[in-house]
Student: 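Mind having a look at this structure? Questions to follow.
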2 protein chains.
Amino acid sequence: MENQMIPDIIISRLPIYLRALRHMQDMGKFTTSSQELGVVVGISAAQIRKDLSQFGEFGKQGTGYDIAFLIGQLREILKVERVWDVAVVGMGDMGHALARYQGFSDRGFRVALVFDNDPAKIGAQVGNFVVRDMHEIVGAIRNSGIRLAMLCVPAQVAQEVTDLLVEAGVKAILNYAPISLSVPAGIRVQYLDPSIGLQRMTYYMD
Amino acid sequence: MENQMIPDIIISRLPIYLRALRHMQDMGKFTTSSQELGVVVGISAAQIRKDLSQFGEFGKQGTGYDIAFLIGQLREILKVERVWDVAVVGMGDMGHALARYQGFSDRGFRVALVFDNDPAKIGAQVGNFVVRDMHEIVGAIRNSGIRLAMLCVPAQVAQEVTDLLVEAGVKAILNYAPISLSVPAGIRVQYLDPSIGLQRMTYYMD
DNA sequence: TAGATTGTTAATCGATTAACAATC
DNA sequence: TAGATTGTTAATCGATTAACAATC
């Protein structure tokens, strides 16, 4: 079988490699080495080679990696050779920004549904979307088969909305709300709280 | 000396503990245990105790931790008992959302300056701020003594803007642009690319 | 060929967990 | 007191690095 339990820490680096490789490609480059890629992403060459070798032999001694080929392999490994529909929940400033974000389309994602519970927002247009009533969230997500959501509601209601997302069949949540979420086994959460990001750096300031 | 080189992975968990403790406090709780906190944040009780013990003895056998006291200690360790001024660079949707974000004030941060290079935006009001010309960025940040910035410009110009931020004296950057940044030693970067967050989860989907 | 770079092994390094004496 | 929970040690587990034969 393909999956011999690759450590999550390795998986978490692959999107970084992919992003850097696409950037190199945009700059007109055709090949790279673990050394060169390592400088760009700030990771040792040995680690990059070890990470990639978990999935196959993608390079050539002496010349390194073909960028287009490695991009293709990483997209397949990460399952972003396809396009995933995503729901955005909460049309405050952050949800609004994500609904209109132009950076998803070439990275494997497409916003497909957006929700809010504010009557003043329901039915309004945000980007290319009509804001749907949060009360319809379970049915709408279930019908669409969507399994990815971005959560941009206030912390106060984030857990209850999460429970609805899980009930609707969502398997992975990108959480912008500043709170730890409780989810059943098998449901993934990634946290993007800006204050946490800043607090991880102030410790080092004089 | 206070700093015997605490591993970064421990530092990165402290803001999570702090956020959860404040949530407990908001719920009216006064004490907690490493066990209880561990369930909330999804980290083992042993690890929480080990992490905290790097900085002092904050708990009591038999009863656990006083929440208010531990919050105070963590705020001091992370240096967020004070308020840090932050610059937001790039007034697209994401920068706009951050400039108006209400979640910084009680977490140790305050947006103080916002920048864009679009003549149509310069001088306009965003939240409580007047958008300043990006051409003034080095002088303005240097004058204000700001050492934290949130970067929300297009990937294409993110590195050159980063170089300006570093020149201006910024020591830590929260990067929303979808690109790896190159910075001198001693400058910290935290990455919050939403597509990376999603790609870290699609690998696990069937 | 000579030089470069891979994939992999073994060694090192670091982080997590389990267990428990101390003690509130 | 009896029960609970800390801080810490030692053991385990996992990740990173260094080195190099293979080979393009």
Side-chain angles (χ1 to χ4, degrees), chain A residues 2-18 20-21 24 29-74 77 200 203-204, chain B residues 2-18 20-21 24 29-74 77 200 203-204:
Chain A
E2 188 240 324
N3 191 349
Q4 324 117 64
M5 240 314 120
I6 311 283
D8 185 65
I9 194 156
I10 290 181
I11 302 305
S12 76
R13 283 191 292 259
L14 301 184
I16 310 287
Y17 302 159
L18 176 55
L21 289 162
M24 288 177 177
K29 289 182 61 67
F30 291 96
T31 63
T32 189
S33 64
S34 58
Q35 161 69 24
E36 184 180 55
L37 180 57
V39 170
V40 171
V41 300
I43 293 175
S44 77
Q47 181 149 90
I48 290 172
R49 293 200 302 278
K50 192 110 199 292
D51 288 351
L52 295 177
S53 74
Q54 304 293 311
F55 303 95
E57 307 193 355
F58 302 140
K60 270 199 186 43
Q61 287 100 325
T63 59
Y65 300 91
D66 180 275
I67 290 173
F69 176 74
L70 187 51
I71 286 172
Q73 294 295 307
L74 286 172
I77 292 165
R200 284 177 171 166
Y203 170 81
Y204 298 97
Chain B
E2 187 238 327
N3 191 349
Q4 323 116 63
M5 241 314 119
I6 312 283
D8 184 65
I9 193 156
I10 290 181
I11 303 305
S12 76
R13 284 190 291 260
L14 302 184
I16 310 286
Y17 303 158
L18 176 55
L21 288 162
M24 288 177 177
K29 287 182 63 68
F30 291 95
T31 63
T32 189
S33 63
S34 57
Q35 160 69 26
E36 184 179 55
L37 180 57
V39 170
V40 171
V41 299
I43 293 174
S44 78
Q47 181 147 91
I48 290 172
R49 292 201 303 279
K50 193 113 199 292
D51 287 351
L52 296 178
S53 74
Q54 304 293 312
F55 303 95
E57 306 194 355
F58 303 140
K60 271 200 183 46
Q61 287 101 324
T63 58
Y65 300 91
D66 180 276
I67 289 173
F69 175 75
L70 187 50
I71 286 172
Q73 294 295 308
L74 287 172
I77 292 165
R200 283 176 172 166
Y203 170 82
Y204 298 97

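Basis for what follows: all heavy atoms, side chains included, without hydrogens, waters or symmetry-related copies. Throughout, a chain's letter reflects where its sequence line sits, starting with A, and its residues are numbered from 1.
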Student: Does any part of the side chain of A:Ile67, heavy atoms only, come nearer than 4.5 Å to the side chain of A:Phe30, both counted from C-beta?
Tutor: no

Student: What is the minimum heavy-atom distance between B:Ser12 and A:Arg200, and which atoms define it?
Tutor: O-NE, 3.0 Å

Student: Is the count of non-hydrogen atoms from other residues, nucleotides or ligands lying under 6.0 Å from A:Lys60 atom NZ greater than 12?
Tutor: no

Student: At what distance, to the nearest 0.5 angstrom, does CD1 of A:Ile48 lie from CG of A:Leu52?
Tutor: 7.5 Å

Student: For DNA chain D, whose closest nucleotide is more 5', that of A:Asp8 or that of B:Ser33?
Tutor: B:Ser33

Student: Minimum heavy-atom separation for B:Tyr203 to A:Ile77, with atom names?
Tutor: CD1-O, 3.3 Å

Student: Between B:Gly62 and B:Lys50, which residue's closest nucleotide on DNA chain D lies nearer the 5′ terminus?
Tutor: B:Gly62

Student: In this structure, which stretches of DNA chain D are paired as stems of three or more consecutive Watson-Crick or G-U pairs, both distances less than 3.5 Å?
Tutor: C:3-24 with D:3-24

Student: For DNA chain D, which nucleotides open and close the run of contacts to chain A, 5' to 3', at under 4.0 angstrom from a non-hydrogen atom?
Tutor: D:dA15 to D:dC24

Student: Heavy atoms only: give me the nearest A:Ile11-A:Pro15 pair and the separation to one decimal.
Tutor: O-CD, 3.0 Å

Student: Whether the A:Tyr204 and B:Asp8 side chains hold a donor-acceptor pair (N or O, under 3.5 Å, no angle test) is what I'd like checked.
Tutor: yes

Student: For B:Arg49 versus B:Tyr65, what's the shortest heavy-atom pair and its separation?
Tutor: CG-OH, 3.7 Å

